[in-house]
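All figures in this text were calculated on a predicted structure; none of them were measured in a lab.
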Amino acid sequence: MKLIVFILVVILLLKWDNLSTGRKFLLIIIVVFLWNYRKDNDENHQKIVFDKPAACWEETLPLGNGRLGMMPDGGVEKETIVLNDITYWSGWEDDYSNPKALEVLPEIRKLLADGKNFEAQSLMYETFTCGNKGSNYGNAANTSYGCYQTLGNLLITYSYNDNAHSIIEYHRELDLNNALAKTEFKRAGVQYKREYFISRKDDIAVIEMEANKRGKISFTAELDLNMIKNGVKSRSLIDVKHKGGTVEYLDNKIVVKNASKVLLIFSSSTNFKNNDFESFVEEKMSYAKAQSYKKLKKDHLKSYKELYDRVSLTLDDERAALYFNYGRYLFISSTREDLLPPNLQGLWANTAQTPWNGDYHLNINLQMNHWLANVCNLSELNKPLINLTKGLVESGEKTARDFYGAEGWVAHMMTNPWKFTAPGEHPSWGATNTGGAWLCQHLWQQYEYTQDIDYLKDIYPVMKGSAEFFHSMMIEEPTHHWLVTAPTSSPENAFYDAEGHEVYVCMGSIMDVQIVTDLYQNVIKASDILHEDNSFAEVLKSDLMKFPPMQVSDSGYLQEWLEDYREVDMHHRHVSHLFGLHPANLITETKTPELYEACKVTLNRRGDGGTGWSKAWKINFWARLHDGDRANKLLTSLLDENTYPNMFCAHPPFQIDGNFGGAAGIAEMLLQCHDGFIEVLSALPSVWKSGCFKGLCTIGGAIVDCEWEKGVVKNLRIHSKTGGFYKVKYNGKTIEIHLKAGGSKRL
């Protein structure tokens, strides 16, 4: 763009004397406009590009429509396209009760009350775990817990009938703006092009192949499917349309010879929530074959861009803008309203035994997957998470009775499509019992952003049931008579007891205190809005008065446990006790300044290292602490050290929550709304001197557009979906505005 402006300026200088006054004025206007013009969909913010085929899976390009996924490697002689279906799970619903657990619960609690955490932990290892094998330590592909699995591979072997030994001008890209992948190259004077997409509207995968000379496309394609023995049933079809040449069908292979253009169509489904899956596959294939490629592509673009184009971001830091857009792209591509939420790998897996079963971890990971949904104007894509949570209630009620003798419902550290809610098979991580309560935070936040009363009525019983569990399960600790959860843990972190034992099990971890506080407060608010259950709300208010306070240690950091234990790993990747800072709003600069400062000490003590998702959470923490430069330092580290070539986040191995959490962190640096007001450019890094964003959403149904220069807001527009009063903080001032539903105001 700047080059175009330079050329226009040269023309002006050379031709100035020959131009009329009107043309001089018009050209000056054009130059000024182009110089200040920011193209929201700048190519550098929207494409991932390679100059060679993928050498490994982490270099392939992910495509998806929320159900189907594929990852082409762009091979020239042979191409492997990994295929996925988000419902392709082994396993089944099963009983994970353990009669011993409830019997020994009083003894475990007494040991904890007596300060004998190691003895309590040893007893839990023997008794207070799920029945069966649980998640089988992340290797449950052949058990009832099950595993998310790859659907298989589409294998294509190309034949060129030439003597060429090299290719030139190879180009492979993923276009985020259009959800298209492309492979292009020249061989023996022929230009070959392939274009890949998965249509959200038509629910099929499509590959178009063409050459600029007739009869140059020849290949053999076959499906190499991964067959699940115990789990969902599936059916897959592949077919072609072609221009020129011949097509022959041989068993599981399709042989194409001497075509000029080929349209390859893939249709697949499982019986998960679809008893007519076989006819569904045939219908999708039949419809797609009857359409032109132009029509299929047009419908694909329309359905995808209706979601993607709601938000845009332009930054001086093009890599950060690309990462933000990639996070939105991955979320749209791995989430569909009526199916499952994105798992640990989103939608994409290339093995039958995915890492950690590709399941749903509830001690941060599944929740992090959804942090960007509301702020990025994709609230309807929270529906799979909402439905998953609602679906856990019945199983969670049984778990509450069987393990705790408690009312309500509970989910622990992990779950799956088969409604697993029991404690995990190893209490060091499986004892965490606030997974369901954390999910309820997302139920409540969906209401905060949408202000949908009918929705709140629907999910209120789920939130109430979670609160009922903790009300009936929590006990008094002996020293201060605080109400605490017991037994529990601070996710995956250990401390040393007085004898030097490594201990995970405790009572009343601070994360538990914060999550249950957040849950109770949200249930109380919902009760007031809906004008029901006032007596239960009063009970919760009474309980809240007995909760442990958040304590600051003598060294100035926020304590992780009721006592200031010494951590086994001071730099542990989990920073669970800062849940109150983010994603909750229990700790803010205005409400709790001492705790706010303690969070800074805590994070400095923890350090900036960690896995990809850990760094993503720390980006959000530092954004909440209004330190944009520190947040950006972590973002840079995430990109440099925890990102694969195709921009998948590395745990390692690949785990998608870092992508989603990092993108949410970028939004958090630009816009916050958790402390009673909308704060624009809330944690702007000094290097993001100029930029603009459009479409970011806030609590209360507001949508914000902003442009800034030299760190100062120049243009600001607030639009309201629902109507209401808003406090807006920007450029060091706070103003109040009132908007009607559908109204907007430029500030």
Side-chain angles (χ1 to χ4, degrees), residues 341 360 362-364 366-371 373-374 379-380 382-401 404 406-413 415 419 421 432-474 483 485 488 511-545 547 579-580 582-586 674 699-701:
Y360 302 108
L362 304 183
N363 59 3
I364 176 65
L366 177 59
Q367 292 88 344
M368 181 180 285
N369 281 1
H370 293 79
W371 285 350
N374 283 316
S379 62
E380 67 265 56
N382 277 321
K383 289 181 181 178
L385 180 69
I386 294 165
N387 290 333
L388 179 79
T389 304
K390 291 165 66 176
L392 296 177
V393 171
E394 183 177 355
S395 170
E397 289 173 340
K398 185 177 188 305
T399 297
R401 293 192 303 269
Y404 301 92
E407 300 174 358
W409 72 277
V410 61
H412 288 76
M413 175 266 171
T415 192
K419 304 173 183 178
T421 55
T432 300
N433 51 40
T434 45
W438 194 338
L439 290 176
C440 285
Q441 184 194 57
H442 286 261
L443 302 189
W444 171 251
Q445 287 180 340
Q446 181 80 347
Y447 167 73
E448 286 190 300
Y449 276 82
T450 64
Q451 301 290 294
D452 185 336
I453 293 292
D454 290 335
Y455 161 78
L456 184 61
K457 291 178 181 177
D458 180 53
I459 56 93
Y460 172 73
V462 181
M463 296 171 58
K464 178 184 176 182
S466 181
E468 286 175 330
F469 167 75
F470 290 101
H471 171 66
S472 62
M473 171 267 199
M474 296 174 82
L483 279 179
T485 51
T488 190
M511 185 196 76
D512 277 17
V513 174
Q514 294 170 339
I515 289 179
V516 179
T517 297
D518 183 73
L519 171 68
Y520 279 21
Q521 290 180 350
N522 294 339
V523 172
I524 291 167
K525 292 174 192 173
S527 171
D528 182 57
I529 293 168
L530 298 174
H531 304 294
E532 62 179 83
D533 283 335
N534 290 335
S535 59
F536 183 62
E538 291 302 317
V539 169
L540 298 185
K541 290 177 185 178
S542 177
D543 280 358
L544 282 170
M545 299 296 292
F547 280 13
F579 171 91
H582 181 279
N585 60 358
L586 303 176
H674 62 282
I699 289 171

At their closest point, which heavy atom of [X] faces which heavy atom of [Y], and how far apart are they?
| X | Y | value |
| --- | --- | --- |
| V410 | N433 | CG2-O, 3.4 Å |
| V393 | W409 | O-CB, 3.6 Å |
| M463 | W444 | CE-CB, 3.9 Å |
| M474 | Y520 | SD-OH, 4.2 Å |
| A437 | I515 | CB-CG2, 3.6 Å |
| L519 | C440 | CD1-CB, 3.8 Å |

Quick one: pull up [atom1] in [X] and [atom2] in [Y] and give me the separation to the nearest 0.5 Å.
| X | Y | atom1 | atom2 | value |
| --- | --- | --- | --- | --- |
| Q445 | N522 | CD | CG | 8.0 Å |
| I453 | L530 | CD1 | CG | 6.0 Å |
| Q367 | F579 | CD | CZ | 8.5 Å |
| T421 | M413 | OG1 | CE | 14.0 Å |
| K525 | L456 | NZ | CG | 12.0 Å |

Find out whether [X] and [Y] are in side-chain contact, i.e. whether some heavy atom of one side chain is under 4.5 Å from a heavy atom of the other.
| X | Y | value |
| --- | --- | --- |
| N363 | M511 | no |
| I386 | Y455 | yes |
| P583 | W438 | yes |
| Q446 | H442 | no |
| T434 | F470 | yes |
| V523 | D533 | no |
| T485 | M473 | yes |

| Is E538 paired with K541 through a side-chain N to carboxylate O contact shorter than 4.0 Å? | yes
| ring pair (Phe, Tyr, Trp, His ring centres under 6.0 Å) between F469 and H412, worked out | CA-CA 12 Å; F469 167 75; H412 288 76; 7.5 Å; no
| query | Between H370 and N382, does a side chain to side chain donor-acceptor pair (under 3.5 Å) hold up when you go through it step by step? | reply | CA-CA 7 Å; H370 293 79; N382 277 321; 4.7 Å; no
| ring-ring contact (aromatic ring centres under 6.0 Å, His included) partners of Y460, counting only residues at least two apart |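 Counting only residues at least two positions away or on another chain, Y460 forms no ring-ring contact (aromatic ring centres under 6.0 Å, His included).
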| query | So, does Y360 use its side chain to make a donor-acceptor pair with the main chain of L388 at under 3.5 Å? | reply |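 Not confirmed, Y360 side chain does not pair with L388 backbone.
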